[in-house]
Colleague: 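Pasting a structure here, questions to come.
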Amino acid sequence: MTFTPDRRQLLKAGATIAGLSLGGPVLAQNDRIESLIAKMTPAEKAGQLSCFSDQIRPIGVPFNPGLASGGANEQIARIRTGAIGMLFNGVGYAGAKAAQDAAMQTRLKIPLIFAGDVIHGLRTAYPLPIAEACAFDPDLAMRTARAAALESTALGIHWTFAPMVDVARDQRWGRVAEGSGEDPYLGTALGVARVKGFQGDSLRDPTRVAACAKHFAAYGAVSGGQDYNFTEISPSTLHEVHLAPFKACVDAGVATLMSAFNDIDGVPASGNKWLMTDLLRGEWKFRGMVVGDYTADEELIAHGYAADGRDAAKKAFLAGMDMAMQSNLFNLWLPDLVEKGEVPMARLDEGVRRVLQLKDAIGLFDNPYRSVSQKAERTSVSTPAMLKLSREAGARSIVLLKNDGNILPLKKNPGRIALIGPFGEDRANVVGTWAFMSDEKLNVSIAQGLAARKLTVDVVKGSEVEAAIPGGIEAAVAAARNADVVLLAVGETQLMSGEAQSRTDIVVPAAQMALAEAVAATGKPVVVLLRHGRALALHGAIRDAPAILATWFLGSESGNAIADVLFGDVNPSAKLSASFPRESGQQPYFYNHKNTGRPAPDTGAQEYKSRYRETKNEALYPFGHGLSYASFALSGVIVPTQMTDTITVTAIVTNTGAVRGDEVVQLYIHDRVASHTRPVRELKGFARVSLAPGASQRVAFTLKRDDLRFWADNGWVVEPGVFDLWVATSSVNGEKRQFTLV
């Protein structure tokens, strides 16, 4: 009942993927590939190592218009010369066929591979990864990834740039939205699940896509939560926190990795030989392909690590980057670098071999038009099953943060409802960041979700997201006074989180706060429906509302999913994957922090302790927190007193409420005395239990010796001693027990 992502379990569970091995695509001798490499010129080889934004079937405005190609005709002409090995972020049959036709007209007829940023769905959007992580359910993550793969291949995509497995501990960073939160154990479990969901048992299955674990590595540790920033990180934090999910994905057979923008100890990740070669390929035995993030090789110049484009191409390629994205530097400089002996031909061939092996693993040499199908485009996109899954995943990702007086669930006939706030009728801010290929026509607003239930609802915007509306507050107050219950739909737009959307103050904007205060002053019961791509610092009337639902960005079926939870059709069971701070100034804040020599007391304020003057040294809502319409009790915890290799910890969970519900039981440990300071708590297991009223179930967790290891003095160590242990329902509760490792 616990997820422990180690090599032995992955093998036992059958997680090795056909056509892949632990560590990536198989490097067995392939006569067809070796024959192609022998025939290729250095320029053709460099072309296979170069990928570009799809201008034949573009999706909106290019992310970096200054680096976009000259359009479809120019790009097709370049494909015919063999200068392009991959296109990304284009969908649709006609353009894919035209591009592949051009590739088939080249001298060696090497097919293109089509990739896409399919982060949480394509046409059909599923919850943001940080939201879906709150379900604490690897099976759900695997199912949504599987559905995304099915839809992606129907639209001509072979390879997705997901999952993002960066552990993010600073909610100011906009890209927390793409990951699984602040905990490496949970992030590892969900990263492995998504790899399996995307890739399945064989990449030759035409409905599967190659996965790409990103961003390698420690991008989640950017200083100040500022995107693209430098990092300051200790070796122990790097290994224990930020590398752990990547290692698990490699062991699970992920086909590719993407290098990161940030530096590690002063060396940019995309030019870091220790990271991409010594560790990844030497120690971890990864055999797949590494693609650079968008212009990451060229950015070595701005880092001050490379003198110019030629130097950047050389350093990135020799460090272990196999494919350059969008910069064109490999096309421009690798042939010359090889000719002058600065890059060995063997290294060039190695990179080409990895790219061709990926294409072969997908089956493109046998069928260049795999996943290019008019029929699939018509029949396997936004199907009823996909929309049903979007609704299910959305409801299961909603966290009930607060429910004073059991105001929720609402009665089936709740009287008059006032739906107030900028997100009540909004459909443009439903899916969240990295869903630029989603079908907005599918988006269900909160108002639409309520309308389907034939309720009496007054919808008033009240304010814009960041600006007042003349007369808006007055109209909202009038609606609230006339209502039996107020649903306050407030938060962030989807452009306020995601890449390049770091925030210094992670709060609900002032215009919405003024609206909330005015509505709360009416005295009517208020349910806050929070829309957000990160954990927020909640203040005033929003923090003090009797009921708060963290609804994140839930995907296409958002409005229906929210209504399902509001009215109890779905009993909320999600738990926070990221701590909600009391104040923005607490960032970075995470539950598994280390203690200090002067820890703050549990109660009251005390000078000369590790604390802030203005707030408590704790989260408003901690990691692992989440309420239910049921209630649960933990009892009968049994912990062996001594551990040699493994122990089994058991506990009884009982539904003490009046309705069926799910509880996520969590296992935490703390190493009391060690040669290096240890976190105050660390998640080491979780189990989801579904119980009828009055029912009980015993849950069991297996804790292994390796679960107690930590990084010290350039290696993993396990030290005997006393450990605290909690079986809990969040990272701050549970009865403390202990055992001794001998």
Side-chain angles (χ1 to χ4, degrees), residues 1-4 134-139 183 185-186 189 396 399-406 408-409 568 570-577 579 591-592 602-603 618-619 621-644 646-672 679-704 707-708 722-741:
M1 303 197 71
T2 182
F3 186 97
T4 307
C134 295
F136 274 66
D137 190 344
D139 179 69
D183 181 73
Y185 185 92
L186 178 63
R396 294 186 58 198
V399 185
L400 180 58
L401 297 178
K402 184 179 181 183
N403 194 21
D404 289 355
N406 292 322
L408 294 176
V570 174
N571 190 346
S573 61
K575 303 281 187 174
L576 286 179
S577 59
S579 301
Y591 86 93
N592 48 353
D602 292 334
T603 58
E618 62 187 25
Y621 296 111
F623 174 88
H625 167 78
L627 305 177
S628 168
Y629 299 150
S631 56
F632 298 91
L634 292 173
S635 62
V637 177
I638 299 176
V639 182
T641 57
Q642 286 194 338
M643 174 178 174
T644 303
T646 64
I647 59 172
T648 298
V649 177
T650 62
I652 297 172
V653 57
T654 301
N655 183 344
T656 58
V659 295
R660 173 175 282 277
D662 288 10
E663 179 62 284
V664 178
V665 186
Q666 302 154 46
L667 176 72
Y668 295 92
I669 66 162
H670 167 64
D671 191 344
R672 281 196 186 176
V680 295
R681 286 199 191 192
E682 297 177 84
L683 181 69
K684 292 298 179 181
F686 57 85
R688 174 173 287 277
V689 180
S690 182
L691 293 171
S696 298
Q697 183 175 323
R698 181 172 291 278
V699 295
F701 298 95
T702 299
L703 196 63
K704 304 189 303 298
D707 293 327
L708 311 182
V722 177
F723 287 77
D724 295 324
L725 180 147
W726 298 263
V727 178
T729 57
S730 84
S731 60
V732 297
N733 63 25
E735 183 180 342
K736 184 192 294 185
R737 302 298 180 91
Q738 70 179 55
F739 67 92
T740 301
L741 177 67

Colleague: What residues, two or more places apart in sequence or in another chain, satisfy salt bridge (charged side-chain N to carboxylate O under 4.0 Å, His left out) together with Asp671?
Modeller: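 Scan of Asp671 (salt bridge (charged side-chain N to carboxylate O under 4.0 Å, His left out), adjacent residues dropped) gives none.
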Colleague: Enter the distance from Ser579:OG to Glu618:CD here, rounded to the nearest 0.5 Å.
Modeller: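 Spacing of OG (Ser579) from CD (Glu618) equals 11.0 Å.
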Colleague: Nearest 0.5 Å please: distance from the CZ atom of Phe701 over to the CD1 atom of Ile647.
Modeller: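 That separation rounds to 12.0 Å.
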Colleague: Sorted by first residue and then second, give each side chain to side chain donor-acceptor pair (under 3.5 Å) pair with at least one member in residues 635-644; sequence neighbours left out.
Modeller: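 For residues 635-644: none.
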Colleague: Is any side-chain heavy atom of Leu683 less than 4.5 Å from a side-chain heavy atom of Tyr591?
Modeller: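 Contact flag for Leu683/Tyr591 side chains = yes.
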Colleague: State, with a plain yes or no, whether a side-chain heavy atom of Thr729 is found less than 4.5 Å away from one of Phe632.
Modeller: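 No, every pair of side-chain atoms sits at 4.5 Å or beyond.
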Colleague: Test your reading of the model: is there a side-chain donor-acceptor pair from Arg737 to the backbone of Val637, 3.5 Å cut-off?
Modeller: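 Such a contact is found between Arg737 side chain and Val637 backbone.
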Colleague: Do Phe623 and Leu186 come within less than 4.5 Å of each other through their side chains, counting heavy atoms only?
Modeller: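 Phe623 reaches Leu186 side chain to side chain.
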Colleague: I'd like to know if the side chain of Thr654 and the backbone of Ser696 have a donor-acceptor N/O pair within less than 3.5 Å.
Modeller: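 No, the answer is negative, given that no donor and acceptor are paired below the 3.5 Å cut-off.
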Colleague: How long is the straight-line distance from NZ of Lys575 back to CG of Leu627, given to the nearest 0.5 Å?
Modeller: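 The NZ atom of Lys575 is 7.5 Å from CG of Leu627, to the nearest 0.5 Å.
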Colleague: So which heavy atom on Val570 is nearest to which on Tyr629, and how close?
Modeller: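 Closest approach of Val570 to Tyr629: O-CE1, 4.1 Å.
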Colleague: Distance check, rounded to the nearest 0.5 Å: Lys684 atom NZ versus Leu667 atom CG?
Modeller: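 Interatomic distance, Lys684 NZ to Leu667 CG, rounded to 0.5 Å: 9.5 Å.
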Colleague: Any donor and acceptor pair, going by atom type alone, linking the side chain of Tyr621 with main-chain N or O of Lys402 inside 3.5 Å?
Modeller: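 Checking the backbone N and O of Lys402 against the side chain of Tyr621, no donor-acceptor pair under 3.5 Å is found.
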Colleague: Consider side-chain contact (heavy atoms from CB on, under 4.5 Å). Of Val665, Asn655, Leu691, which one does Gln697 pass it with?
Modeller: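 The passing option is Leu691.
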Colleague: Are Leu703 and Leu708 close enough that some pair of their side-chain heavy atoms sits under 4.5 Å apart?
Modeller: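 With C-beta onward as the side chain, the pair touches.
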Colleague: I want to check something: taking the side chain as every heavy atom from C-beta on, are Pro679 and Tyr668 in contact at a cut-off of under 4.5 Å?
Modeller: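 In short, these two side chains do not touch, never coming nearer than 4.5 Å.
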Colleague: To the nearest 0.5 Å, what is the distance between CE (Met643) and CG (Asp707)?
Modeller: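 One gets 6.5 Å once the value is rounded to the nearest 0.5 Å.
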Colleague: Taking the side chain as everything from C-beta on, heavy atoms only, tell me whether Ser573 gets closer than 4.5 Å to Ser628.
Modeller: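 Sidechains of Ser628 and Ser573: no contact.
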Colleague: Report the distance from atom OG1 of Thr646 to atom NZ of Lys704, rounding to the nearest 0.5 Å.
Modeller: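 These two atoms lie 9.0 Å from each other.
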Colleague: Apply side chain to side chain contact (heavy atoms under 4.5 Å, CB included) to residues Asn592 and Arg681 and explain how you reach the verdict.
Modeller: CA-CA 5 Å; Asn592 48 353; Arg681 286 199 191 192; 5.8 Å; no
Colleague: Closest approach of Pro693 and Gly657, non-hydrogen atoms and distance?
Modeller: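 Closest heavy-atom pair between Pro693 and Gly657: CB-O, 3.5 Å.
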Colleague: Among Asp137, Asp662, Asn571, which residue meets the side-chain hydrogen bond (donor to acceptor under 3.5 Å, both in side chains) test with Arg396?
Modeller: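 Only one option passes, and that is Asp137.
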Colleague: What verdict does the side chain to side chain contact (heavy atoms under 4.5 Å, CB included) test give for Leu576 and Leu401, after you've listed the backbone C-alpha separation in whole Å, the side-chain angles of each residue and the deciding distance to 0.1 Å?
Modeller: CA-CA 9 Å; Leu576 286 179; Leu401 297 178; 3.8 Å; yes
Colleague: Please confirm whether the backbone N or O of Gly624 pairs with a side-chain atom of Gln666, one donor and one acceptor, at under 3.5 Å?
Modeller: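 Yes, the answer is positive, given that a donor and an acceptor are paired below the 3.5 Å cut-off.
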Colleague: Would you mind telling me which of Thr648, Leu725, Thr650 makes a side-chain contact (heavy atoms from CB on, under 4.5 Å) with Val639?
Modeller: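 Going through Thr648, Leu725, Thr650 one by one, the side-chain contact (heavy atoms from CB on, under 4.5 Å) with Val639 is satisfied by Leu725 alone.
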Colleague: Is any side-chain heavy atom of Gln738 less than 4.5 Å from a side-chain heavy atom of His670?
Modeller: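 Not touching, per the 4.5 Å side-chain cut-off.
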Colleague: If only atom types and distance count, is the side chain of Ser731 paired as donor or acceptor with the main-chain N or O of Pro622 below 3.5 Å?
Modeller: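 Absent.
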Colleague: If you take all heavy atoms of His625 and Leu400, which pair is closest and at what distance?
Modeller: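 Residues His625 and Leu400, closest heavy atoms: NE2-O, 4.2 Å.
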